[in-house]
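Each remark here refers to the structure printed beneath this line.
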Amino acid sequence: METLRDAFDFRDFSKPEKVGFVIFTLFLLVFPWLGAGSFVKAVVIQFLLFSLFGMGWNTIGGYGGQVELGKAQYVGIGAYTVALAMVWWKIPFWVSMPIGVLIALGYSFIIGYPLFRLKGHYFAIATICTSLVLQDIFINWKLVGAAKGIELPIHEHPDFLYMQFKSDTYYFYFIMALFYVAIFYMNWFRKSKLGYQLRMIKEDEEAAESLGIDARWCKIKAYSIASAFVAVGGGFLAVYNLYIDPYSVMDLDLSIKIALMAMLGGAGSMWGPIIGSAFLVPLDRFLGSWLGAHKGLIGVDFMIYSALIMIVSAYQPRGIWGIIEQFRKR
Amino acid sequence: MKMNKTFFIFASGLILFFLMVCSPLYAAEKEIKIGVLYPLSGAAATIGRDLQKAAEWTAEELVNNKKPDIDLLMTKWGGIPNLGGAKIKLIFADHRGEPDRGADLAKRLIEDDKVVGLMGAYHSSVTKTVSAVAERYQVPMINDSSTSPDLTRRGFKWFWRCTPHDEFFTKDLFELLKGLSEGKVKGVKTIPKDQLKNLAYACENTEWGSSVGKVIETYAKEYGFNVVKGILYDSKSPDLTSEARALIAAKPDCMLFASYLSDSILMIRTLKGMKASPNFFWGQNAGFEMADFPKTLGADINGVLTRTVFIAKIAKVKRIAGQINELYKKKYGDDVTGATGRSIVGVQTWAYVLNRAGSTDKKAIQKACNDINIPGYELVMPWDGVKFDATGQNILGKGLIGQYQWKEGKNELEIIYPFDLATANMIYPFPGWK
């Protein structure tokens, strides 16, 4: 009960934050009815998905201060579980998605246990490696489709059990629901015992341990929570795109994007990953869509995209949320 | 100063308003929009941009404007006749080789740009997600250049493919190998099968390359060859030394590849550095037949074979192919290749389909696609035509195998297979590195 109260308790946020959150929620609720085209809808779906990924990453990367660059492997586990369960045994999404999350949780404990013997750069490199190894296994594993990936059967009529809809509006509301569950969870998490322990570990790991905090165990728990978050997103990706391969759901690019969005938005803050995703996803998609097909402008979209990332990180290493706070303090 | 600023903003707004209001008036001529998805940036950008040029050129030069001196029916049209002379307008989107981006852009093209149908997407993996969107939205998609056999085995009702797929092409390779051992190849004496028996392949490891690898293994068994080494590698890898070393260590008679452009160049250079010496080099088009491949590697590829669907030398046996190639070369400086040729046929097919449908209604287009039968003489390719079977696969397409031959300081791509179309003696065995 107390947990639930904590999850819905936003009292410690400033008034502008609360007002902003309410307006943003109202906007999302009516968004599909504002007449936006399906590309814009698809971009907003991507934004919500990456916010979900980012919030997950934020537990270990933001609050825990561990540079984790291997989240794509858990996106892959979530996506593959849903896809394979559907193709092999026709198991509905609502059953296979939680199974995917459980597998991701189990796998993250197995990986996390040895991984958190490492610190700093070594830890970051190890996370990349584990993800790449898993991707390579999937590229060569014929049973799971190898490099060819897996295609989900298309149902002729909309099917709620298998999450197949003709209109993106349904996918939008579904990912939005997941997004809010994640927000409430994060609101609880930051005030939870584990949340405080992680922040303490981030500040000074030795001091934390001297106070009786089992730093390694805390990090493993946060790592697993993060993995569960992204596995949910992975399951969604499978039913949304209806085709997955190891490149689209397990690539290093994806891991870096997840970390980049959270870092650029503001790692370790409640709104950082959402702001980062709201900034980078539309920037990437719209720039690509507007400039990508123009002759004579090859690569301009990439240049603008990377220049903006560099400017933000040079101006305020704490990300966009850091910039906002800097202005508020003035 | 303030006045100036206000005036400037006002004037800009006014100009913008007039542009917005007036532009539809200029565009009043009836247009039929077709969404085309290609990789216009990223690793496959060079190929994607070439495909874009070819598609655009076809729409403008062969369909929308009259060109009476070309012997094609459609060049007399000046637009789609059964649609009141409506022009085809291609709307391009850049998917960067990413399946999820392709799916999103397909939605944009269908719902926002209101295209009547789709074309593309080159990468088989992207074609999978794009065609799934097309199927979901019930919008026709004509695929011009993705060759993964699975694409037409999914029971889709809104997907058709003009190009033959990798099984056709790989079968051609084995027919050529068989022909070599039976003395059927122009300019080559009968080669004992023992000298050709051991095959090694290196294919890039996405959907396309891995399915090529699989098909090679299947046909090798069927035709009685040994696959001594099969490698799947990352086409974005900056170094292919270990892959090249593994291939050489297997001591194959024939080396077979499925590579995109940058990796095909890197692979050849690495093999050259290691002095690889198989009897037979063959590439499953893509990188091997792009204009930049011979341009970059020059004399090094003398004797390298590539499967393709178009070779400029086809002009010797097909006049229209020569006419189109000449026009294209005049504009862009490069010959039409198998890849760009398929874009041309893709747009040609769209034009015929629209003309047959006589409407932009989806169901009418679907029916037209199922019924269409374009005769071979109307196409730039040396095919028997375009006619789709129940799965949506064109059953009248066929492949060619060409060989780069270094003559007078430049590479000529000569036709080696089919044997009756051969334009030069085959260089066999591979003559080694210059």
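Residue numbers begin at 1 in each chain, while the letters A, B, ... track the order of the sequences. We use all heavy atoms of the structure for the numbers below, so side chains are in, but hydrogens, waters and symmetry mates are not.
Rounding to the nearest 0.5 angstrom, the gap separating the CD1 atom in Ile244(A) from the OG atom in Ser125(B) is 13.0 Å. Distance check, rounded to the nearest 0.5 Å: OG of Ser124(B) to NZ of Lys148(A) gives 9.5 Å. Rounding to the nearest 0.5 angstrom, the gap separating the CG atom in Asp100(B) from the CG atom in Leu237(A) is 7.0 Å. Of the inter-residue distances, the one linking Lys107(B) atom NZ with Ser38(A) atom OG reads 7.5 Å to the nearest 0.5 angstrom. Atom CG in Leu132(A) sits 10.0 Å away from atom CG in Asp234(B) (nearest 0.5 Å).
In this structure, Glu151(A) and Leu151(B) have side chains that are not in contact, with every pair of non-hydrogen atoms separated by 4.5 Å or more. When side chains are defined from C-beta on, Ile154(A) does not count as touching Arg154(B), because their heavy atoms never get closer than 4.5 Å. Under the 4.5 Å side-chain criterion, counting only non-hydrogen atoms from C-beta, Asn140(A) is in contact with Leu232(B). The shortest side-chain heavy-atom distance between Arg108(B) and Ser289(A) falls under the 4.5 Å cut-off. Taking 4.5 Å as the limit, some side-chain heavy atom of Lys128(B) sits within range of a side-chain heavy atom of Tyr243(A). By the 4.5 Å heavy-atom criterion applied to side chains, Glu156(A) and Lys157(B) are counted as neighbours.
Asp150(B) touches chain A through its side chain: at least one heavy atom from C-beta onward sits under 4.5 Å away, while N, CA, C and O do not. At a 4.5 Å heavy-atom cutoff, the contact between Asn241(A) and chain B is made by backbone and side-chain atoms alike. At a 4.5 Å heavy-atom cutoff, Lys53(B) makes no contact with chain A through either its backbone or its side chain. Neither the backbone nor the side chain of Gln164(A) comes within less than 4.5 Å of any heavy atom of chain B. Proximity to chain A (any heavy atom under 4.5 Å) is restricted, for Ala103(B), to the side chain, taken from C-beta onward. Looking at Glu204(B), neither its backbone nor its side chain comes within 4.5 Å of chain A, counting heavy atoms on both sides.
The choice from Phe156(B), Tyr137(B), Trp208(B), Tyr38(B) that makes the most heavy-atom pairs within less than 4.5 Å of chain A is Tyr137(B).
A salt bridge does not link Asp112(B) with Lys41(A): every distance from a Lys NZ or Arg NE/NH1/NH2 to an Asp or Glu carboxylate oxygen is 4.0 Å or more. A salt bridge is absent between Glu135(B) and Lys166(A): the closest approach of a Lys/Arg side-chain nitrogen to an acidic carboxylate oxygen does not fall below 4.0 angstrom. Salt bridge annotation for Asp284(A)-Arg96(B): present, with a cationic side-chain nitrogen under 4.0 angstrom from a carboxylate oxygen.
Residue-environment remark: NZ (Lys257(A)) exceeds the threshold of 12 foreign heavy atoms within 6.0 Å. In the displayed structure, Lys236(B) atom NZ is contacted under 6.0 Å by at most 12 heavy atoms of other residues, nucleotides or ligands. The neighbour count for Phe31(A) CZ, taken as heavy atoms of other residues, nucleotides or ligands under 6.0 Å away, is above 12. Within 6.0 Å of the NZ atom in Lys33(B), the count of heavy atoms belonging to other residues, nucleotides or ligands exceeds 12.
For the pair Arg136(B) and Phe165(A), the cation-pi test (distance below 6.0 Å, angle within 45°) is failed.
For the pair Phe39(A) and Asp104(B), the tightest heavy-atom approach, listed with the atom from each and the gap, is CD1-O, 3.5 Å.
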